[in-house]
Number of protein chains: 2
Amino acid sequence: MEQMSRNIGYQLKKIRGQRSLSLDDVAKATNVSKAQLAQIEKGESNPTVSTIWKIASGMRISFSSLLQPPCGQFQKFDEKTSTVVSEEDGKYRVYSIIPYDPERGWEFYKIEMDPGVIHRSEAHSEGVEETLTVISGQVFVEAGGMNEHLSQGETLVFSGSQEHHYENPTNETTILHLILQYR
Amino acid sequence: MEQMSRNIGYQLKKIRGQRSLSLDDVAKATNVSKAQLAQIEKGESNPTVSTIWKIASGMRISFSSLLQPPCGQFQKFDEKTSTVVSEEDGKYRVYSIIPYDPERGWEFYKIEMDPGVIHRSEAHSEGVEETLTVISGQVFVEAGGMNEHLSQGETLVFSGSQEHHYENPTNETTILHLILQYR
DNA sequence: GAAAATTGTTTATTATAGTATACATCTGTC
DNA sequence: GACAGATGTATACTATAATAAACAATTTTC
């Protein structure tokens, strides 16, 4: 069962409860069948966009409110279970810690750069901002004609919508955390 | 063909064009089949929420960006084509000018109150704000223990999440515009 | 207490979402 | 000019979304 189907089901059931409505009440307000609403609430259906649109319209709620995970819940991510998504000759390893989520709008990576490695990156599309933090070691960053040297504990924010590259100028592995935010 | 399917198709085609990607490129980035992407772009498919989620994730865009109508287009609404949605004994007529849209979050009504009519409204759920404008005539508004008298050209904003009522104290029909915004 | 109504669940059915594959056309390479 | 590759479209097929209706349990009404 997809997490998103569960989220939609949870949010729909929650708002129905808050308003003390029956499945029949919601069916009338939204023009979606009672059986389908029941399945959606149980997270047992992958509804079409127009069905969710009908529900949001009939209930007078925003579309995205139905896509939110349950409020106040923890979401724990463990770098040990993260996946390698890129590995240039094994010397520049990128791990996805928090994957991109269309509602959140950013993604979170851990990067390991072996000594002397230079990573070149092409410009992303418009509106991408990178936030780079050195966890250990050092990194040299060049983007858009600007240069910066970062040590442990330092963070750099810059536009990823231009060519940029990272370099590990030390003789030990550099560990980085990278947030890519898309606007 | 639903307007929303057209919007999704338009936005997807636009962003694919901006990034100079083929259908095959997008299929690989999103794990949605080329045939389905083609149908979605043509607005010939009513995709499921998880398909759109895959597209938004793979393309690194927000979910709602795919739901937007084409940018910069006019959307004209004519009160002549609006529908009567409520008519208490024919003396209090409510016309939907702009229906609720889950992305916009509000709806727009025209109200006609005959002389002497009192309209009572129960409290809406939490987070509903009413914006009432007198187009012609006058109206007396009571909500949450507060009272206000409005003449032509005056506008009142108040919380619709409490019992409220309108009264036409004159001997002519009052015309009102009402925006209901849901947060 | 009986009957009606309400509520959520289940089932049979239809419509369509979504895919793999084939196809037609166009573009690039030699 | 021939061929390979890329591109978007069309098709056959499977999986499932969505509905109408039936059902079982509970609640409400008299």
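Only this structure's heavy atoms are used, side chains among them; waters, hydrogens and symmetry mates stay out. Throughout, a chain's letter reflects where its sequence line sits, starting with A, and its residues are numbered from 1. From a predicted model like this one, the values you see are computed outputs, not experimental measurements.
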Which residues satisfy the side-chain hydrogen bond (donor to acceptor under 3.5 Å, both in side chains) test with A:Glu88, sequence neighbours excluded?
-> A:His119
Quick one: list whatever passes side-chain hydrogen bond (donor to acceptor under 3.5 Å, both in side chains) with A:Ser22, sequence neighbours left out.
-> A:Asp25
Pick the nucleotide of DNA chain D nearest each of B:Asn46 and B:Arg16; which residue has the one closer to the 5' end?
-> B:Arg16
For B:Glu2 and C:dA15, what is the distance between atoms CD and P respectively, to the nearest whole Å?
-> 17 Å
Hey, could you give me each pair passing ring pair (Phe, Tyr, Trp, His ring centres under 6.0 Å) that has a residue in residues 33-54 of chain B? Not counting sequence neighbours.
-> B:Trp53-B:Phe63
Looking at residues 21-28 of chain B, who's got a heavy atom less than 4.0 Å off DNA chain C?
-> none
side-chain hydrogen bond (donor to acceptor under 3.5 Å, both in side chains) partners of B:Arg183, counting only residues at least two apart | B:Glu129
Look at the side-chain N and O atoms of B:Thr48 and state whether any lies under 4.0 Å from the OP1 or OP2 oxygen of C:dG18.
-> yes
Passing option when B:Tyr100 is tested against B:Trp106, B:Tyr109, B:Tyr182 for ring pair (Phe, Tyr, Trp, His ring centres under 6.0 Å) = B:Tyr182
B:Thr51 vs C:dA17: side-chain N/O to OP1/OP2 distance below 4.0 Å | no
Just the atom pairs and distances: protein N or O near nucleotides 19-21 of chain C's N or O, under 3.5 Å.
{"from": "C:dT19", "atom 1": "OP2", "to": "B:Ser33", "atom 2": "N", "distance (Å)": "2.8"}
{"from": "C:dT19", "atom 1": "OP2", "to": "B:Ser33", "atom 2": "OG", "distance (Å)": "2.8"}

Listed by chain and number, what are the salt bridge (charged side-chain N to carboxylate O under 4.0 Å, His left out) partners of A:Arg93, not counting sequence neighbours?
-> A:Glu112, A:Asp114
Who passes side-chain hydrogen bond (donor to acceptor under 3.5 Å, both in side chains) against A:Glu87, sequence neighbours left out?
-> none
Donor-acceptor side-chain pairing of A:Asn46 and B:Ser50 below 3.5 angstrom | yes
Using rotation axes that map the C1' atoms of four end pairs onto the next four (five pairs an end), what angle separates the end axes of the helix from C:dG1-D:dC30 to C:dC30-D:dG1, to 10°?
-> 30°
If you look at every heavy atom in B:Leu23 and B:Lys34, which pair is closest and at what distance?
-> CB-CG, 3.5 Å
Verify, without hydrogens or angle tests, whether B:Glu41 (side chain) and B:Ala38 (backbone) share a donor-acceptor contact under 3.5 angstrom.
-> no
Hydrophobic cluster membership, A:Val141 vs A:Val128, 4.5 Å side-chain cutoff = yes
Atom NZ of A:Lys13 and atom C1' of C:dT7 are separated, to the nearest Å, by 11 Å
Under the salt bridge (charged side-chain N to carboxylate O under 4.0 Å, His left out) test, residues paired with B:Glu79 that sit two or more places apart | B:Lys110
Bounds of contact between DNA chain D and chain A, in 5' to 3' order, using a heavy-atom cut-off under 4.0 Å = D:dA17 to D:dA20
For residues 120-163 of chain B, the ring pair (Phe, Tyr, Trp, His ring centres under 6.0 Å) pairs (sequence neighbours left out) are B:His124-B:His164, B:Phe158-B:His164
